[in-house]
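Atom set for the values below is all heavy atoms of this structure, side chains included, hydrogens, waters and symmetry mates excluded.
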Amino acid sequence: MKQPRKIRAFLFDMDGLLLDTEDIHIRAYMELTRQLGVPQSFESLKRFIGHSHQVTVKFLIDELGVKHTFEELVLREQDLYFEILHSEKPAPLPGVREMFDACERLQVKRALVSSSVEHQVSPTMQIVLDHISRQGVWKQHFNAICTGDRVKRLKPAPDPYLLAAKELELDPGECVAFEDSPAGIAAAHAAGCRVVAIPNMYLRRDEVVQGRTPHVFASLLEAHANLATFVN
């Protein structure tokens, strides 16, 4: 029987895993649709959790009939997103500090794998690293950073995780991917990573996990307490 590869890197999603940015994005889109005269509820917009702006904005244009370009709508949503983000500076989700400490203790590499674009990731991650008392610029704490603007296909395609493994000079099978959304879990699984699911609080557990991993926890904090179940 083939033995599993030794784990040499932890790959982290950002939105909804390290920080509850999903809530901020939904609130930003709620305000945007209100401004556009086609107000949407939190419930109607939460289906887009874990997906890129392309999916959400396509809905606004194709289904709601919004008469603006894709670029205009993305810029308006991002302005609203950053307004909320910088105003509230929310704390990371439980277990982020502990998982970062675990990387250092276990001497595994650390990568960020996000569908968000770089200029959106940077201010968000700086808030995360400031909260957990990591000094300096956030990028110095990662061995690879793979954002949505660096790949042709976003999650659920495996491209972001394949790029991360390539830049870490590792096989995907040597990486544990931590994900909270159906699209992210599908992407990491398709890339060949070992997947740890932290089901998004806004979605049902079964629709997030999709039967693609036995490693399912309520939070990164719970995952940290059970490291031996997916690292060894």
Side-chain angles (χ1 to χ4, degrees), residues 12-90 93 112-125 127-128 146-161 179-190 197-212:
F12 297 96
D13 175 46
M14 182 183 75
D15 295 299
L17 181 85
L18 302 182
L19 196 71
D20 186 14
T21 54
E22 305 290 11
D23 173 78
I24 301 176
H25 278 299
I26 293 173
R27 286 157 57 197
Y29 272 112
M30 286 176 67
E31 175 58 20
L32 177 59
T33 57
R34 186 195 68 77
Q35 292 177 8
L36 294 169
V38 285
Q40 298 295 298
S41 68
F42 192 98
E43 282 298 310
S44 69
L45 291 168
K46 77 176 187 178
R47 79 184 89 166
F48 301 111
I49 288 173
H51 290 280
S52 68
H53 285 295
Q54 283 134 326
V55 177
T56 316
V57 172
K58 188 175 187 299
F59 164 76
L60 299 186
I61 294 172
D62 293 352
E63 297 191 38
L64 299 184
V66 172
K67 304 299 182 185
H68 291 275
T69 67
F70 171 83
E71 291 76 14
E72 288 172 336
L73 293 171
V74 169
L75 286 174
R76 288 181 65 172
E77 188 277 342
Q78 290 185 350
D79 285 344
L80 292 165
Y81 169 86
F82 286 125
E83 184 179 322
I84 299 170
L85 180 73
H86 291 304
S87 171
E88 299 181 0
K89 289 186 170 56
L93 290 164
L112 186 76
V113 185
S114 175
S115 287
S116 295
V117 296
E118 197 277 336
H119 76 267
Q120 190 171 53
V121 167
S122 282
T124 305
M125 286 305 302
I127 288 172
V128 170
C146 302
T147 52
D149 45 342
R150 298 194 59 214
V151 291
K152 289 184 178 180
R153 299 184 303 165
L154 300 172
K155 304 171 187 178
D159 301 35
Y161 281 102
E179 276 283 358
D180 71 299
S181 71
I185 287 170
H189 182 266
I198 314 291
N200 192 288
M201 67 187 80
Y202 304 110
L203 301 173
R204 294 197 313 272
R205 176 179 171 131
D206 58 341
E207 68 180 340
V208 171
V209 179
Q210 309 168 86
R212 288 188 164 102

When rounded to the nearest 0.5 angstrom, what distance separates [atom1] in [X] from [atom2] in [Y]?
| X | Y | atom1 | atom2 | result |
| --- | --- | --- | --- | --- |
| Asp149 | Thr147 | CG | OG1 | 3.5 Å |
| Leu19 | Lys89 | CG | NZ | 12.0 Å |
| Thr56 | Leu73 | OG1 | CG | 10.5 Å |
| Asn200 | Ile185 | CG | CD1 | 9.5 Å |
| Glu77 | Leu80 | CD | CG | 7.0 Å |
| Lys67 | Leu60 | NZ | CG | 13.0 Å |

Would you mind reporting whether [Y] and [X] have side-chain heavy atoms less than 4.5 Å apart?
| X | Y | answer |
| --- | --- | --- |
| Phe48 | Lys58 | no |
| Ser116 | His53 | no |
| Gln78 | Val117 | yes |
| Leu36 | Leu64 | no |

Check whether any side-chain N or O of [X] sits under 3.5 Å from a backbone N or O of [Y] as a donor-acceptor pair, and report yes or no.
| X | Y | result |
| --- | --- | --- |
| Thr33 | Gln40 | yes |
| Gln210 | Val208 | yes |
| Lys155 | Val113 | yes |

Closest heavy-atom contact between [X] and [Y]?
| X | Y | answer |
| --- | --- | --- |
| Pro90 | Leu85 | CD-O, 3.9 Å |
| Leu45 | Ile26 | CD1-O, 3.9 Å |
| Ala187 | Ala157 | CB-O, 3.2 Å |
| Glu22 | Gly16 | CG-CA, 3.6 Å |
| Ser114 | Asp15 | OG-OD2, 3.9 Å |

Self-check item: Stepwise side-chain contact (heavy atoms from CB on, under 4.5 Å) check, Glu31 with Glu83
Solution: CA-CA 12 Å; Glu31 175 58 20; Glu83 184 179 322; over 6 Å; no

Does one side chain, of [X] or [Y], offer a donor that lies under 3.5 Å from an acceptor on the other?
| X | Y | result |
| --- | --- | --- |
| Tyr81 | Thr124 | yes |
| Tyr161 | His189 | no |
| Ser181 | Asp13 | no |

Self-check item: Steps toward side-chain contact (heavy atoms from CB on, under 4.5 Å) verdict (Asp180, Leu93)
Solution: CA-CA 12 Å; Asp180 71 299; Leu93 290 164; over 6 Å; no

Quiz item: Got a salt bridge between Arg212 and Glu179, using NZ or NE/NH1/NH2 to carboxylate O under 4.0 Å?
Solution: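 The answer is no: the pair does not qualify as a salt bridge.
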
